[in-house]
Every structure is written in structure tokens, then in C-alpha cells.
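The structure displayed is predicted, hence computed values, not measured ones. These values consider heavy atoms only, across backbone and side chains, with no hydrogens, waters or symmetry-generated copies. Each ligand, and each atom within it, is numbered from 1 in the order the structure gives.
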Amino acid sequence: MENHHQIKDGWFFETCPMWPGMGFSLQIEQVLYSKRSKFQQIDVYQTRNHGKMLALDGIIQLTEFDEFAYQEMLAHVPLFAHPCPKTVLVIGGGDGGILREVCRHDCVTDIDFCEIDEDVIKVSKQFLPSLACGFDDPRIKVHIGDGCAFVLEKKSRYDVIIVDSSDPIGPGDVLFKKPFYKGLKAALKPDGIVATQGESIFLHQEWVIRLAKITKELFIKQGYSCIMIPTYPGGNIGICLGSLGPELTKPARPVSDGVQDRLKYYSPGIHEASFILPHFAKKMLRDI
Ligand code: SPD
């Protein structure tokens with residue numbers, strides 16, 4: 001797989017065919033880790049102003065500066081939309097950030113976690129402990145392997161499934177296809193909810209439409225929630241959601257003060273607001 005970044009004069013520069021004609025740069029102070037795993041190039045940098053940064057095949061997966069926006073929303077929007085999630089599956093996100101957020105829900109009793117690249121977990125445990133602390137909870141069972149194959153084996157087992165994939169240009173591309181979504185639906189309990197990394201409404205309209213069409217066809221309710229995040233392309237990313245029962249656009253239960261105090265981005269207000277899309281995006285998704 002192609003590596004999508006360059007380092008020049010102390011600057012990391014990300015470009016990618018998925019967002020042609022534009023690039024994003026962060027000033028770096030030190031390369032902390034740089035090695036190819038069986039699946040991808042893994043790099044961790046100390047940036048000048050954005051904490052540590054994890055890149056896979058040269059694409060920024062997270063910075064310590066704004067990772068909370070993505071991890072909190074991808075985890076808490078589906079989990080709070082569900083009235084009482086007990087069994088949860090997380091696919092991808094070997095950094096542990098999504099697990100860290102899922103574990104804030106006391107009602108959750110069992111968390112299956114499936115990641116294809118064990119090295120991402122190892123590297124995160126070494127360099128990104130504020131995310132990898134997500135692995136410390138005894139409710140988590142870690143499975144190393146292909147997320148799609150894992151899902152296809154499971155039937156009516158999960159209340160919520162969260163897919164924290166990279167972009168559809170590397171090992172994650174299978175996670176953007178219909179057979180995988182059919183598997184997700186079959187792995188959910190009858191009132192389950194699925195939430196997947198849904199790319200940008202500005203930069204990846206083809207992908208957003210493709211995922212919206214698939215979820216509209218397979219699920220009873222479907223939605224797209226938008227997240228502001230400065231270090232992802234275009235400064236935003238979305239969540240594609242499908243529900244077999246619960247309403248997606250508002251929390252189904254209160255967020256306790258103890259949990260809310262620990263969160264930096266998610267709140268019941270931003271849960272609802274994140275589904276209100278700019279007019280062009282609303283039209284784009286209404287007309288599919
Ligand atoms: N364009 C990058 C999208 C990355 C989404 N996954 C990030 C993993 C963080 N847990």
C-alpha cells in the first residue's frame with residue numbers, strides 16, 4: 001500500500017487520492033516510531049503543538065490534540081441512542097480510543113474488540129497510553145483478525161456495533177462494502193444500532209452517499225452525524241448510522257454528571273445538533 005505522506009524540513013505533509021489537490025501539514029519534533037507491519041506503515045510522531053500523532057500508511061488517524069472529538073462521538077452517539085446497550089462489538093481502532101469511551105457506559109457488560117493489525121495495538125500501548133488505557137477494562141475480549149470475517153460469524157449478538165475504520169484505501173476497504181453491512185445487520189440484536197466511520201460530507205460525497213444508500217436499504221432508521229475535527233481532511237468527519245429500532249438523533253437515556261464531566265465533546269445537545277446538516281448535505285442525502 002502506498003505511503004501518503006512526506007517529511008520535509010520538520011513538517012509532516014499528508015496528501016491522498018481521496019482528497020485530491022489538497023494537503024495537510026503538522027510540524028513535528030521527533031519520529032517516535034516508524035515501521036511497516038504485515039498490513040501497513042505505522043508511524044508515531046511527537047508534533048510541535050498537537051501532542052503525539054498516529055499515522056497509518058501516512059494518513060493521520062489521530063492526534064492527542066483533537067482525538068476526543070472523533071472517539072467520543074463515534075462511541076457515544078450510538079451508545080446513548082440505545083436505551084440499554086449490554087453487548088458491544090468494536091471493529092478497528094487498535095489505538096484503543098473507542099474502547100476507552102465504550103467503557104464509560106456501566107450498562108455495557110461485554111465488549112468484543114476485533115482489530116486486524118496487532119502492531120497498532122502494541123504501538124499504541126507503548127506511545128499513546130491516554131488512548132490505549134481503553135484496553136485495561138476486564139469487559140473487553142480482544143480478537144486479532146479480519147473484522148468482516150469476524151462479523152459474518154456472529155448472529156443476533158450485539159446491541160451496538162461500532163466500526164472505527166481507516167479510509168477505504170487500505171486494509172479497511174472491505175468495511176465500506178454491502179456484504180459487510182449485511183453481516184453487521186445480522187450480528188445485531190433485533191433493536192440494535194450500528195455506527196461506522198462515515199468520511200466527510202465535503203470531500204467524500206461518493207462514499208457518504210454509498211454508505212447512506214446501503215444503510216437506508218438494510219436498516220429501519222438511518223442517519224449521518226457530523227463531527228468537527230481540525231486534523232482530519234477538511235476539518236470534519238461523519239458517522240454513518242443504521243438502527244433496527246431506536247431513534248438515532250437523540251439520546252435515549254440521560255448522561256450522568258459523572259460521565260459528562262469527563263467528556264470534552266459529546267453532550268446530549270451536540271448529539272442532536274450533529275444530525276442537522278448543511279443544506280447541500282441534507283439535500284444530497286434526502287435525494288438518494
Ligand atoms: N481520514 C482518517 C480517518 C481515520 C478514522 N479512524 C481513526 C482511528 C482513531 N481511533
Q) With sequence neighbours left out, which residue pairs that include part of residues 175-198 fulfil the salt bridge (charged side-chain N to carboxylate O under 4.0 Å, His left out) condition? A) Asp159-Lys189, Asp173-Lys177, Lys178-Glu217

Q: Apply side-chain contact (heavy atoms from CB on, under 4.5 Å) to Tyr45 and Ile7, showing your working.
A: CA-CA 11 Å; Tyr45 302 92; Ile7 305 282; 3.6 Å; yes

Q | Per atom 5 (C) of ligand 1, closest listed option by heavy atom (Ala75, Gly93, Ser165) | A |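 When every heavy atom of Ala75, Gly93, Ser165 is considered, Ser165 comes closest to atom 5 (C) of ligand 1.
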
Q. Counting heavy atoms only, which of Val120, Asp167, Asp164 is nearest atom 2 (C) of ligand 1?
A.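 Ranked by closest heavy atom to atom 2 (C) of ligand 1, first place is Asp167.
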
Q. With a distance cut-off below 6.0 Å to the six-membered ring centre and an angular limit of 45° from the axis, does Lys154 pair with Phe150 as a cation-pi contact?
A.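 Here Lys154 passes the 6.0 Å and 45° test against Phe150.
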
Q. Does Phe135 have Lys125 sitting over its ring (NZ/CZ under 6.0 Å from centre, angle to axis within 45°)?
A.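 Satisfied, under 6.0 Å and within 45°.
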
Q) Do the rings of Phe176 and Trp207 sit parallel, tilted or perpendicular, given the 30° and 60° boundaries? A) perpendicular

Q) Parallel under 30°, tilted from 30 to 60°, perpendicular over 60°: which one fits the rings of His105 and Phe80? A) tilted

Q) Backbone, side chain, both or neither: what part of Gln71 comes under 4.0 angstrom of ligand 1, heavy atoms only? A) side chain

(Q) Taking 4.0 Å as the limit for heavy-atom contacts, which would you say applies to Ile98 with ligand 1: side chain only, backbone only, both, or neither? (A) neither

Tell me the protein heavy atom at minimum distance from [atom], and give that distance in Å.
atom	result
atom 9 (C) of ligand 1	Asp95 OD2, 3.3 Å
atom 7 (C) of ligand 1	Tyr232 OH, 3.1 Å
atom 4 (C) of ligand 1	Gln61 OE1, 3.4 Å

Q: Determine whether any heavy atom of Ile60 lies closer than 4.0 Å to an atom of ligand 1.
A: yes

